[in-house]
Amino acid sequence: MLDPAILKDNLEDLELNISRRDLKIDINLLISLNDERKSLRFDAEQKRSQQKELGKQIANANENEKEELLDKASELSNEVKLLFEEVDKRDEEFFNLWVKIPNLISKTSPDGKSDQDNLEIKKVGNVKDISSPKDHLEIATKLNLLDVEKASEVSGSRFAYLFGDLVKIEFNLVSWALNKLSEKGFTPTVPPVLVRENALYGTGFFPDDAEQVYEIPNDDLYLVGTSEVPLAALHTNEIINLEELPLRYAGFSTCFRREAGTYGKDTTGIFRVHQFDKVEMFSFCSPEKSEKEHEFILSVEEELLQSLEIPYRVVDVCAGDLGASAAKKYDIEAWIPSQNTYREVTSCSNTTSFQARRLNIRAKSEGETKVLHTLNGTAIAVGRILIALIENNQTEDGNVKFSNKVAEIIGVKNLGQ
RNA sequence: GGAGGGAUGGCCGAGCGGACGAAGGCGAUAGUCUUGAAAACUAUUGUAUGUAUUCCAUACCGUGGGUUCGAAUCCCACUCCCUCCGCCA
């Protein structure tokens with residue numbers, strides 16, 4: 001959520017943002033609603049003040065005066081009640097519209113309408129020349145390390161069984177990543193994966209992306225699609241000393257996504273599934289330093305991929321392709337030989353004060369308290385990293401062989417043998 | 001799942017219908033005293049919003065509703081914590 005004060009003191013930025021995101025929003029309506037609710041509140045508070053004053057008189061009045069004062073107070077009480085009901089109504093009306101306003105896009109993010117317009121920043125690593133590469137599903141199924149058919153019988157489409165070496169690699173990857181992140185100041189965290197509505201609302205997944213979230217209606221809980229949600233919500237309603245920032249967490253969790261509206265998209269293997277494991281970085285940081293923190297998180301992501309010798313490119317996501325909460329976002333796309341293209345394996349966003357304002361997380365220094373900034377980034381999305389590892393290291397005979405350096409990290413030299 | 005008890009400022013803890021944004025203590029900050037420090041004493045010490053910039057108004061005593069002229073205080077619902085029983089990785 002943006003600070004409504006922007007309606008008063010920085011309308012140009014708001015208008016620019018709306019046009020960059022290609023949205024149609026009636027700003028004048030927002031301005032007048034905001035002004036109305038404020039002035040109504042002022043009136044109501046004045047009346048309330050009178051009421052309190054009168055209450056004090058009643059407490060000190062003698063019997064004769066009391067009767068008359070009570071009549072007056074009763075009337076006033078009614079007026080105040082009605083006024084505040086009106087104020088609440090206006091507030092609701094305003095904020096229902098206001099929460100839908102997406103975050104201000106960074107001046108440094110490229111313009112554009114869709115992922116076609118994302119800006120490639122760099123390419124790193126050597127793409128191996130593989131003649132007629134197989135996809136990860138074929139390779140891993142043949143090696144008895146993956147079974148999506150059985151999974152679809154048991155759980156439906158977009159689920160998978162991982163076996164043997166793939167599981168070994170997963171746990172090695174996770175523990176290796178957590179160790180690396182720990183050295184960089186991220187506290188390893190296993191967060192809850194079931195959360196209340198408020199955590200999803202606070203992180204900006206609600207109301208916009210509600211259709212992607214699994215719901216447990218009996219208990220009013222939701223399965224998180226990323227540990228970003230419980231990590232962000234960890235410090236809800238807190239005021240953190242500026243010197244303690246940045247607070248960095250590395251969350252490991254299973255992620256659940258409904259993938260609604262993706263029928264027919266990425267149906268092969270485990271690229272797009274309802275359930276996968278992920279190590280996620282999350283930072284709470286001062287507003288002044290969030291741009292630097294964003295670059296830092298990106299650099300960590302790159303370091304991990306470089307260690308795994310996965311060829312990738314970095315993309316600066318354009319205005320039209322940014323989610324509601326992000327001010328700026330970098331995606332890293334790994335080379336996927338079977339698709340002959342780069343596909344997203346990590347994503348890091350600077351959400352500036354957008355989530356922190358909704359979650360009411362502030363930073364305090366020398367008397368001044370202000371909303372802080374939050375950032376998130378993928379460290380290891382296990383499924384997609386497995387795909388990249390398998391496909392980029394396949395041999396002509398349908399096996400997979402890793403370099404000594406990579407084998408040292410993942411604990412496997414020749415897959416499935 | 002069953003039976004009870006509780007939630008008040010950074011912390012402890014009083015208040016149980018008007019004088020309460022809230023006693024008292026601890027902690028913190030500043031000052032007095034001291035060569036310096038400690039002790040003692042004095043003062044300050046929550047957050048947010050507003051048509052308010054050292055003033056003023058309003059809201060906040062777990063959360064949301066209700067009763068009342070008036071609610072931290074009474075009523076209802078919810079959340080969380082504690083104790084006991086049962087179950088359980």
Side-chain angles (χ1 to χ4, degrees), chain A residues 1-10 30-96 98-99 190-202 206 216-222 229-230 233-245 247 252-254 284 287 353 355-372:
Chain A
M1 186 168 72
L2 299 177
D3 184 350
I6 194 173
L7 285 171
K8 223 167 184 182
D9 40 57
N10 202 352
L30 285 166
I31 292 173
S32 64
L33 281 175
N34 192 39
D35 287 346
E36 261 178 64
R37 78 183 177 93
K38 280 185 178 176
S39 94
L40 273 167
R41 178 170 296 281
F42 184 76
D43 295 345
E45 284 182 357
Q46 296 236 304
K47 266 278 190 283
R48 173 85 176 130
S49 181
Q50 286 175 31
Q51 187 196 5
K52 286 178 86 166
E53 188 53 44
L54 198 57
K56 275 182 194 161
Q57 286 178 36
I58 290 171
N60 298 320
N62 62 42
E63 285 305 314
N64 290 341
E65 299 168 326
K66 215 164 194 171
E67 196 88 355
E68 197 182 327
L69 286 174
L70 274 177
D71 282 349
K72 228 162 123 189
S74 182
E75 201 177 306
L76 202 53
S77 165
N78 234 334
E79 276 180 62
V80 169
K81 201 173 152 193
L82 289 174
L83 275 171
F84 273 104
E85 271 169 16
E86 184 64 21
V87 169
D88 289 344
K89 217 174 88 189
R90 296 307 176 95
D91 270 357
E92 200 188 325
E93 207 176 327
F94 173 74
F95 281 105
N96 277 344
W98 191 246
V99 292
V190 177
V193 293
L194 285 168
V195 298
R196 293 224 178 92
E197 186 177 25
N198 194 262
L200 286 157
Y201 177 83
F206 279 6
I216 317 285
N218 275 351
D219 300 284
D220 284 327
L221 289 169
Y222 301 85
V229 174
L234 175 62
H235 292 297
T236 301
N237 289 326
E238 287 183 23
I239 298 174
I240 297 163
N241 285 328
L242 204 64
E243 308 86 68
E244 292 174 45
L245 299 176
L247 282 176
F252 169 77
S253 83
T254 301
F284 299 86
S353 61
Q355 294 178 332
R357 183 168 293 106
R358 292 198 193 198
L359 293 165
N360 194 28
I361 308 172
R362 290 162 292 174
K364 184 182 192 175
S365 73
E366 282 154 37
E368 202 194 356
T369 308
K370 56 191 169 179
V371 176
L372 52 70

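Quick caveat: nothing in here was measured; it's all calculated off a predicted structure. Chain A is the first sequence line, chain B the second, and so forth, proteins listed ahead of strands; every chain is numbered from 1.
Only the C1' atoms considered, B:A71 is 13 Å distant from B:G15, to the nearest whole Å. Taking atom P on both nucleotides, B:U67 is separated from B:A72 by 16 Å, rounded to a whole Å. Of the C1' atoms belonging to B:C75 and B:C87, the separation is 35 Å, rounded to the nearest Å. Taking atom P in both B:U63 and B:U68, one finds a spacing of 23 Å when rounded to whole Å. For the P atoms, the distance linking B:G5 with B:A59 amounts to 33 Å, nearest Å. Nucleotides B:U45 and B:G21 have their C1' atoms positioned 14 Å apart, rounded to a whole Å. On the C1' atoms, B:A14 is 15 Å away from B:C26, given to the nearest whole Å. B:C60 and B:C78 are spaced 23 Å apart, taking the P atom of each and rounding to whole Å.
Distance, A:Asp219 CG to B:U79 P: 10 Å, rounded to whole Å. Taking atom CG on A:Leu7 and atom P on B:G50, their separation rounds to 12 Å, with Å as the unit.
Within 4.0 Å of A:Lys38, counting heavy atoms only, lie sugar-phosphate atoms of the nucleic acid but no base atom. Heavy atoms of A:Arg196 sit under 4.0 angstrom from primed sugar atoms or phosphate atoms, though from no base atom. A:Gln51 comes within 4.0 angstrom of sugar-phosphate atoms only, judged by non-hydrogen atoms across all strands, and of no base. Among the atoms of the strands shown, none is found under 4.0 Å from any heavy atom of A:Leu54. Residue contacts shown for A:Lys52 are limited to sugar-phosphate atoms, with no base heavy atom under 4.0 Å away. Counting non-hydrogen atoms under 4.0 angstrom, A:Ala59 reaches a base of the nucleic acid. Within 4.0 Å of A:Arg48, counting heavy atoms only, lie sugar-phosphate atoms of the nucleic acid but no base atom.
In the set B:U58, B:U47, B:G18, the nucleotide with an atom closest to the side chain of A:Arg362 is B:U47. In the set B:U47, B:G18, B:A57, B:G18 carries the atom at the smallest distance from any side-chain atom of A:Ile58. The listed nucleotides are B:A57, B:A48, B:U51; the one nearest the side chain of A:Thr369 is B:A48.
For the pair A:Asp3 and A:Ile6, the minimum side-chain heavy-atom distance is 4.5 Å or more. For the pair A:Trp98 and A:Leu33, the minimum side-chain heavy-atom distance is 4.5 Å or more.
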Checking side chain to side chain donor-acceptor pair (under 3.5 Å) for the pair A:Arg357/A:Asn360: CA distance, chi angles, key distance, verdict?
CA-CA 5 Å; A:Arg357 183 168 293 106; A:Asn360 194 28; over 6 Å; no
Could you give me the CA-CA distance, side-chain angles and deciding distance for A:Arg196 and A:Leu221, then say whether side-chain contact (heavy atoms from CB on, under 4.5 Å) is met?
CA-CA 5 Å; A:Arg196 293 224 178 92; A:Leu221 289 169; 4.1 Å; yes
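Contact between the side-chain N/O atoms of A:Lys81 and the OP1/OP2 oxygens of B:C69 is not found at any separation under 4.0 Å. Contact annotation: A:Ser77 side-chain N/O to B:G70 OP1/OP2 distance is under 4.0 Å.
In terms of modelled atom types and a separation under 3.5 Å, the side chain of A:Arg41 and the main chain of A:Asp91 share no donor-acceptor contact.
In this structure, the separation between NZ on A:Lys364 and CG on A:Leu372 is 14.0 Å, given to the nearest 0.5 Å.
Across all strands shown, B:A59 pairs with B:U47; the Watson-Crick or G-U wobble distances both stay below 3.5 Å.
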